[in-house]
Amino acid sequence: MDADDPLLRILACPLDKGPLTLLQEQNILYNPRLQLSYPIVDGIPQLLPSSGSRVTEDDHAKYLRTAAE
């Protein structure tokens, strides 16, 4: 998945229905509001609620810095 992919504009977190941030290096879509990451497997976002993984505070801070770059 690429940062310019138009699909990113319509993808939403399955839990809060808010936007997701693509973190290409980690190959995840990230919801900073809930601190959940969703994997991208073979280019396909895994957006089932059960696919989300809670991230640590350290990873959350790192992801926010990465998204700001």
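Between L15 and P49, the closest heavy-atom pair is CD2-CB, 3.7 Å. Taking all atoms of both residues into account, the shortest heavy-atom contact from P39 to S51 is CD-O, 3.5 Å. Across P45 and L11, no two heavy atoms sit closer than the pair CG-CD1, 3.9 Å.
Interatomic distance, S37 OG to L20 CG, rounded to the nearest 0.5 Å: 10.5 Å. Q35 CD to L64 CG: the interatomic distance, rounded to the nearest 0.5 Å, is 8.0 Å. We find the OG1-CD distance between T66 and Q26 to be 5.5 Å, quoted to the nearest 0.5 Å. Residue L8 holds its CG atom at 6.5 Å from CG of L29, rounded to the nearest 0.5 Å. With rounding to the nearest 0.5 angstrom, the CG atom of L22 is 10.5 Å from the CD atom of E25. For the atom pair NZ (K17) and CG (N31), the distance works out to 11.0 Å, reported to the nearest 0.5 Å.
At a threshold of 4.5 Å between non-hydrogen side-chain atoms, the residues I40 and Q46 do not count as touching. Residues I28 and Y63 meet the side-chain proximity criterion, which asks for heavy atoms closer than 4.5 Å. By the 4.5 Å heavy-atom criterion applied to side chains, R33 and D16 are counted as neighbours. Residues Y30 and V55 form a side-chain contact, since some pair of their non-hydrogen atoms from C-beta on lies under 4.5 Å apart.
The cluster map of Ile, Leu, Val, Met, Phe, Trp and Tyr, joined by side-chain heavy atoms under 4.5 Å apart, puts L34 and L23 in different clusters. Each of Y38 and I44 belongs to its own hydrophobic cluster when Ile, Leu, Val, Met, Phe, Trp and Tyr are linked at side-chain heavy-atom distances under 4.5 angstrom.
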